[in-house]
Amino acid sequence: MLRTVWVDYARKGEPDVILVGRREDGNPAALVVKGFRPYFYAEVEDGFDPSEVERLSGVVEVEEVLLEHPYGGDRVELLRIVATYPKVVPKLREQVKKLDGVKEVYEADIPFVRRAAVDLNLPPASEVDVSDLDTGSWSGLPAYFADVEDARELDHRPYPIEDLVVASFDLEVLAEPGTTIKGASGPIIAISFAYSTPDGERRNYVITWKGEDESFEVDGVETEVIVCRSEAAALRRFFDEFRRVDPDVVFTYNGDEFDLPYLQHRAGKLGIDVSPLARPAGKRGIILKHGGGRYASDIFGRAHVDLYHTARKNLKLERFTLEEAVKDVLGVEKEEMELADINEAWKRGNLDELMRYSAEDAHYTLELGLELAQVELELSYLTRLPLPDATRFSFGQLAEWRAIYKARQEDILVPNKPTRDEYKRRRRKAYKGAIVFEPEIGLHENVVCVDFASLYPNVMVAHNISPDTFDCDCCPRVTVEEVDDPTDATVAPDVGHKFCKRRKGFFPRLVEGLIERRRELKRRLRKLDTESHPHEAKILDVRQQAYKVLANSYYGYMGWANARWFCRECAESVTAWGRYYISEVRRIAEEKYGLKVVYGDTDSLFVKLPDADLEETIERVKEFLKEVNGRLPVELELEDAYKRILFVTKKKYAGYTEDGKIVTKGLEVVRRDWAPIARETQRRVLKRILADNDPEAALKEIHEVLERLKSGDVDIDELAVTSQLTKKPSEYVQKGPHVRAALRLARHLGVEPEPGTIVRYVIVRGPGSVSDKAYPVELVREEGKEPDVDYYIEHQILPAVERIMRAIGYSRGQIVGETASQKTLDQFFG
DNA sequence: GCGGACTGCTTACCT
DNA sequence: ACAGGTAAGCAGTCCGCG
């Protein structure tokens, strides 16, 4: 068995495909696939002479092939053009395109390594059975050799992350004025490094060049501080330790944009070779790539997994710092150290704190990786994308790569990406989405929520919605009016698009495959004794989630203007059937079961039975579910039962469930662009109303906060509003408070605010508009500003609580009234 | 000249 | 940077008003 983590190809000689990983016996090894060459397709006019292509330099072979058209219809005849080396493809593609009689070129933009993984059916991160292969060595690594046919026959499966040697590292840098990543003028003062092996070895190191050797524990793990004589010596020592540990997976937090490029540039400045990082040594240690404003950094022979991407995609956080991610995933409140404090600690020789902080960075990055990486491995396996790529890709791209892999398996031509103009054209036309029912505003008791399980994927499968089944030629034209039951039709209600009834489409096959595999994993999970096998259970659970995420991506994918398989009519039909089903079950609930629908959004309904308790309501709902689930191809499930629930507007509600938890959706409580003090007050008010059923206590909460605010007894953090820049400040038509605050901070730091920057700002006392008064938290004290208490009362606390109190029938006067009189009295006697 | 009504821009949420 | 639907704040303008 070889557990692979990395894939590349030989740049010298033949383009052998190389997979690097670790054998079961614990030793690193490579799998070398010989004889695979890059290729692409050309669509040509009748009578085109293939020898015109054959004589171009870099062409190995041209053959005629028949492939399924991605948008349906007859198979298409294409020329499959095989090239000598990956690097000749871009030029060759342009030459072929220009030939007379060539209509279009396909699949020429698929990078060779990804093409190989898809074509050879070799998941780049998987456990491969290499037992039947010839052995030898490659660049000093033990190696297994396969030709293209052998490779396609190899057995492979996903593996648990713990079966690899995993490590993490983090740099602390002295941020001297003018330090940039490229300039790398600030020295690296500490490198923390953590690792764990399949044998259970687990250690942390901090390598630095000031202070004394010491050791301590971080979170129960032995941590050694190694002091070297110089920065250069520290770097070399780090490389030594790294090579000794020889990790398969290297976790970082922001390593793509910071740690790896900085290490590369700084090592360059010091004249130190980073190639010892690579496996085998001597290859490129750090590979920096940048495209479209984004950076990616790889380490040859290992999988660099930057957990920042994983956090961004899988967690819902206010700020995506390591500390926030660690708190969310591991429940640990890790201390944060600011840049200035790091500088000061280093300069003053206050190293103890600094070393601990540094050690914790690597330690918790590793712990985070062990928690989060399994899902990335599964997605890499499902898409055949190299693991580091899979972590960086959006769900839309992952869905696309699963489709590319499946298309190759089924001899379907992969459509090209849209041109810029095509992209713009696609975006111009919007389409209708889901229905949101008008809520019955106010407090309700004994409400049950039911929802469709994976509505959109199931609609796609049930109605055969796919780019290749849309408007087929083989089925008769039917109009919406002729359809009496859309449940059993392939003509979408409302929009009237028609889908093939005879042949199952590519996307339904794709989605159904994912749904079925997921069902199988869930079945295995249910059978497993979770108590005695908690670890296996977790892996199965993570895997089933990966299938769900991918299956759920295809609806959005078809409506994505950048998608290769873009199909607006498909996306539009999915939502049309969705609207049909939710409206249909609403009608049945009301007409046949006397259930009153108090709210509903897309695939859910909140229902209540007048004058019934929760138990009776649940019983009635179950009868109702039984009927609809016998009649419809999509399954409606009981989601939750609420003792009390308050609807404020569409998309904003809070409920108190049967089992005592408070669920809050859309309200200020859950929005980061509201001040924590307003959110917290609203949370308390909701608890009083929902859990305690005591609106008067809610009023008291409000008055207490207002008093506290007026007395000035508030922390600046309680007032900080969090907001993200979505573009460069200059591109804003309207510069709102967050933009002005970001500009103020940027000017102070002497930098340019980048899109994606998250600012935290406070509204301070002074003249002008709200924006004029928005200051970043960092500068409030420095510039001697006072928070604008009136603003926080009128525009934060009161709107947040008023929405709740009004929904249960209180007027503004009743909410503030008492405080006002209280205040007058205070003034009289104060 | 002022303030409320209205519009457009913007963000972050829901499913 | 997978979709559309939605609320809501703020900036800026319009409009009525002796």
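Reckoned from all heavy atoms, side chains included, excluding hydrogens, waters and symmetry mates. Throughout, protein chains are lettered first and strands after them, A, B, ... in sequence-line order, and every chain is numbered starting at 1.
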Does [N] have OP1 or OP2 under 4.0 Å away from a side-chain N or O of [X]?
X	N	value
S723(A)	dA12(B)	yes
T575(A)	dG4(C)	no
K313(A)	dA1(C)	no
K651(A)	dC14(B)	no
H738(A)	dT10(B)	no
Y732(A)	dT11(B)	yes
S769(A)	dA11(C)	yes
R803(A)	dA8(C)	yes
T726(A)	dT10(B)	no

Atom OH of Y732(A) with >12 non-hydrogen neighbours under 6.0 angstrom: yes
Flag if over 12 foreign heavy atoms under 6.0 Å of CZ, R427(A): no
Salt bridge present between K432(A) and D494(A) (N-O < 4.0 angstrom): yes
Presence of donor-acceptor pair under 3.5 Å, side chain of R671(A) and base of dT11(B): yes
Q734(A) (side chain) and dG12(C) (base): donor-acceptor pair under 3.5 Å: no
Need one value for [X]: base, sugar-phosphate or nothing, where a base atom within 4.0 Å counts as base even if backbone is also close, heavy atoms only.
X	result
K652(A)	sugar-phosphate
F393(A)	nothing
W565(A)	nothing
S553(A)	base
V670(A)	sugar-phosphate
G559(A)	sugar-phosphate
K727(A)	sugar-phosphate
A399(A)	nothing
Y456(A)	nothing
Y791(A)	sugar-phosphate

Centroid separation H463(A) to F499(A) less than 6.0 Å: no
Ring center gap for F437(A) and Y599(A) short of 6.0 angstrom: no
Integer-rounded Å distance: dA3(C) P and Y423(A) OH: 8 Å
Which listed nucleotide ([options]) is nearest to the side chain of [X]?
X	options	answer
R294(A)	dC2(C), dC13(B), dA1(C)	dA1(C)
K432(A)	dG5(C), dA3(C), dA8(C)	dG5(C)
K316(A)	dC13(B), dC10(C), dG5(C)	dC13(B)
P799(A)	dG9(C), dC10(C), dG5(C)	dG9(C)
W674(A)	dT10(B), dG9(C), dC10(C)	dG9(C)
K650(A)	dA7(C), dA8(C), dA3(C)	dA7(C)

Where L398(A) and K313(A) come nearest, the two heavy atoms and their spacing: CD1-NZ, 4.1 Å
Atom P, compared across dC9(B) and dC2(C): separation rounded to whole Å: 24 Å
F507(A) and Y554(A) aromatic ring geometry - parallel, tilted or perpendicular at 30°/60° bounds: perpendicular
